[in-house]
Amino acid sequence: MLSRLLKEHQGKQTERKEAQEKRRKDAIAAATTLTEALVDHLNVGVAQAYVNQRKLDHEVKTLQTQAAQFAKQTTQWISLVENFNQALKVSAVAKYFLNKHIKPLVWYK
């Protein structure tokens, strides 16, 4: 009877150890799966951030080029308007001079 109780006890203890070992292995496998999933998810985010950064860099270069072209064109426009304004002033002075000094002479002929 005592030997039977001892064998039952040892059998139950072995079963508990095996169940505990199985739970430990399952927990390790689940933790590994979770870690891999988190790393994969993080890698996707990092890859997307890298792609976005490359797109932003390209857009920045494009914008810088366009801004430089716009600044150059604006400078040309300002120069053109200033030249036109100067020409208008010269034209106005010439018209004034003609009206004040030359027209009266033409009427007197």
Side-chain angles (χ1 to χ4, degrees):
M1 168 142 163
L2 193 55
S3 69
R4 184 179 57 86
L5 286 175
L6 181 62
K7 283 183 182 180
E8 285 178 15
H9 174 68
Q10 287 174 342
K12 287 181 182 179
Q13 200 172 20
T14 302
E15 287 176 14
R16 275 189 245 127
K17 283 182 182 179
E18 287 173 359
Q20 187 175 0
E21 184 63 25
K22 183 181 181 318
R23 286 192 298 268
R24 185 183 71 79
K25 287 180 180 178
D26 289 346
I28 290 172
T32 301
T33 302
L34 175 63
T35 302
E36 288 173 356
L38 290 173
V39 168
D40 289 345
H41 180 71
L42 182 62
N43 285 340
V44 167
V46 169
Q48 186 62 45
Y50 178 74
V51 168
N52 290 345
Q53 184 63 43
R54 289 193 54 177
K55 286 180 183 178
L56 284 174
D57 290 344
H58 177 69
E59 290 295 323
V60 165
K61 286 180 184 178
T62 302
L63 185 59
Q64 285 175 335
T65 302
Q66 289 174 349
Q69 289 173 347
F70 181 71
K72 183 178 178 183
Q73 190 175 27
T74 302
T75 302
Q76 290 173 346
W77 288 343
I78 289 171
S79 176
L80 182 67
V81 168
E82 286 175 350
N83 290 340
F84 182 71
N85 192 28
Q86 189 63 33
L88 284 178
K89 287 179 185 177
V90 168
S91 174
V93 167
K95 184 177 178 183
Y96 176 77
F97 179 77
L98 286 174
N99 284 336
K100 278 290 190 186
H101 301 290
I102 303 297
K103 265 192 178 179
L105 294 175
V106 172
W107 286 105
Y108 287 118
K109 279 187 175 185

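What's counted below: heavy atoms across the whole structure, side chains too, no hydrogens, waters or symmetry copies. Since the model is a prediction, treat every value here as computed from it, not as a measurement.
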Quick one: salt bridge (Lys or Arg N to Asp or Glu O under 4.0 Å) pairs with a partner in residues 26-38, sequence neighbours left out? Lys22-Asp26
Give me each pair satisfying salt bridge (Lys or Arg N to Asp or Glu O under 4.0 Å) with a member in residues 72-91, each pair once, sequence neighbours excluded. none
Would Leu80 and Gln76 satisfy side-chain contact (heavy atoms from CB on, under 4.5 Å), going step by step from the backbone distance to the final call? CA-CA 6 Å; Leu80 182 67; Gln76 290 173 346; over 6 Å; no
Backbone of Gln10 reached by a side-chain donor or acceptor of Thr14 within 3.5 Å: yes
I want to check something: taking the side chain as every heavy atom from C-beta on, are Gln53 and Asp57 in contact at a cut-off of under 4.5 Å? yes
For [X], enumerate each residue passing the side chain to side chain donor-acceptor pair (under 3.5 Å) test, keeping only those at least two apart in sequence or located in another chain.
X	value
Gln48	Asn52
Glu8	Arg4
Arg54	none
Glu21	Arg24

Taking atom CD of Gln13 and atom CG of Leu6, what is their separation to the nearest 0.5 Å? 9.5 Å
Rounded to the nearest 0.5 Å, what separation is found between the OG1 atom of Thr33 and the CD1 atom of Ile28? 11.5 Å
Taking the hydrophobic residues Ile, Leu, Val, Met, Phe, Trp and Tyr, and joining any pair whose side-chain heavy atoms are under 4.5 Å apart, which ones share a cluster with Leu34? Leu38
Quick one: hydrophobic cluster around Phe84, which other residues, with the 4.5 Å side-chain cut-off, linked directly or via members? Leu88
Pair up each side-chain donor or acceptor in residues 58-71 with any protein partner under 3.5 Å, not counting sequence neighbours, and list the distances.
residue: Thr62; atom: OG1; partner: His58; partner atom: O; Å: 3.0
residue: Thr65; atom: OG1; partner: Lys61; partner atom: O; Å: 3.0

In chain order, what residues pass the side chain to side chain contact (heavy atoms under 4.5 Å, CB included) check against Val44, with sequence neighbours excluded? none
